[in-house]
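To find a chain, count down the sequence lines: A is the first, B the second, and so on, and within it residues start at 1. Since we're looking at a predicted model, the values are computed, not measured.
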Amino acid sequence: MPELPEVETVRSGLEMALKGATIRKVTLRRKDLRIPFPKDLAQRLEGQKIPAIRRRAKYLLFDLASSDVLIAHLGMSGRFSIEGKTPKIFTAHDHVIFTLNDGRALIYNDARRFGLMTIAHKEELASHSLFAALGPEPFDKAFSPAYLQGALQERKTAVKVALMDQALVVGVGNIYASEALFLAGISPHIPAKKTAHQAKAIIAAIRKVLGDAIASGGSSLRDFIHVSGETGYFQHHFNVYGRKGDPCVTCGEHIRSTRLSGRSTFFCPSCQK
DNA sequence: CGGCGGTCCTGTCAGC
DNA sequence: TGCTGACAGGACCGCC
């Protein structure tokens, strides 16, 4: 469940449930996800208190009392769930189990294994290979019209592809790229440079779709934590994503779908120019 | 060197 | 009902 709003929803749910908790034991049920687990991962986590859980781009950052930071990415299918004290039968894709001092268990499950989990000292984060090339956070003031205009100006690729590039801005994935461009009234395959003058509208659209999605995810946090799992894109409605052939909410025209850089893309041929 | 295609992996769903 | 193929929210790698 991995664009920024979903990661933020997971972050806030995890922080609510885990802030101040201590990790007693870590069980790695395989040796890697997308990349190998560091050899000392479990050892560096065990006995550590978790003062806070943060997010950078689509990465979850678990601060530890030791000043190490547990870095987790959900990939396409990664999920965290929290189990109570009653023992649980682990399933095939429960890859990492964190047993807490209070007896609860935090479980990382990831069927497709596109996620990753690693650890770094907090001083190393900014220069870490996973983070060094990332662009600004969409809600940060660094993601300004002047910045985006300049960034779009130097790209020939389709604007939708540019918006999904985490070096341009982080957190926008395949769904919200389509949704933001619908709100901005811009066709997804227009070359990025031709949309540079609309930077301000694009920023507003991105913030609107991400902000609304975070707000709707937040309303279901209770389910996420207590029912264990499933915070997908449930109960969130999209204007264009997944609505091929359906009427546009604005003009009634049929929503079209196409592929850009291998990713399914949805747009209204009448509202988006 | 920007940009694109292929690739990692499993689950699900449409269509036959 | 069962099989097959296409496709899925991400991001890295290698090639032009």
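Between the side chain of A/Arg112 and the base of B/dC9 there is at least one donor-acceptor pair of N/O atoms closer than 3.5 Å.
Listed pair A/Arg259 / C/dA8 meets the phosphate criterion, a side-chain N or O lying under 4.0 Å from OP1 or OP2. Applying the 4.0 Å criterion to OP1 and OP2 of C/dC7, one finds that A/Arg263 has every side-chain N and O outside that range. Taking side-chain N and O atoms only, A/Ser264 has a distance below 4.0 Å to OP1 or OP2 of C/dA8. OP1 or OP2 of B/dG11 sits under 4.0 Å from a side-chain N or O of A/His93. Applying the 4.0 Å criterion to OP1 and OP2 of C/dA11, one finds that A/His73 has a side-chain N or O inside that range.
Between A/Ile214 and A/Leu4 there is a side-chain heavy-atom pair separated by less than 4.5 Å.
Across the protein-nucleic acid pair, A/Leu116 atom CG and C/dA11 atom P stand 9 Å apart, rounded to whole Å. One atom, CZ of A/Arg30, and another, P of B/dC8, lie 14 Å apart when rounded to the nearest Å. Whole-Å rounding puts the A/Asp32 CG to B/dT7 C1' distance at 15 Å. Protein atom CG of A/Asp94 is 15 Å distant from nucleotide atom P of B/dT10, rounded to whole Å. Taking atom NZ on A/Lys244 and atom P on B/dA14, their separation rounds to 14 Å, with Å as the unit. Between A/Ile35 atom CD1 and B/dC9 atom P there is a gap of 15 Å when expressed in whole angstrom units.
In this structure, A/Val69 is not a member of the same hydrophobic cluster as A/Ile50, with clusters built from ILVMFWY side-chain heavy atoms closer than 4.5 Å. There is a path of hydrophobic side-chain contacts, each under 4.5 Å, that joins A/Phe98 to A/Ile53. Hydrophobic cluster membership is shared by A/Val249 and A/Tyr176, with clusters built from Ile, Leu, Val, Met, Phe, Trp and Tyr side chains linked at under 4.5 angstrom.
Comparing the P positions of C/dA6 and B/dG6 gives an interatomic distance of 14 Å, to the nearest angstrom. As rounded to the nearest Å, C/dA11 and B/dC1 have P atoms that lie 23 Å from one another.
Heavy-atom distances under 4.0 Å link DNA chain C to A/Gln166 of residues 148-170 of chain A, given in residue order.
Look at A/Arg54 and A/Glu15 and you find no salt bridge, because none of the NZ, NE, NH1 or NH2 atoms lies under 4.0 Å from a carboxylate O.
The side chain of A/Tyr241 lies closest to C/dA8, out of B/dG11, C/dG10, C/dA8. Closest to the A/Met76 side chain, of the nucleotides B/dG11, C/dA8, B/dC8, is C/dA8.
At most 12 non-hydrogen atoms from other residues, nucleotides or ligands lie less than 6.0 angstrom from NE2 of A/His254. The environment of A/Arg207 atom CZ is dense: over 12 non-hydrogen atoms of other residues, nucleotides or ligands sit within 6.0 angstrom.
A/Gly173 comes within 4.0 angstrom of the backbone, heavy atoms only, and of no base.
Stacking between A/Phe114 and C/dG10 is present: the aromatic ring centre lies within less than 5.5 angstrom of the base six-membered ring centre, and the two planes differ by under 30 degrees.
Pair check for C/dG10 finds B/dC8; Watson-Crick or G-U wobble, both atom distances under 3.5 Å.
Here A/Phe266 and A/Phe238 keep their ring centres 6.0 angstrom or further from each other.
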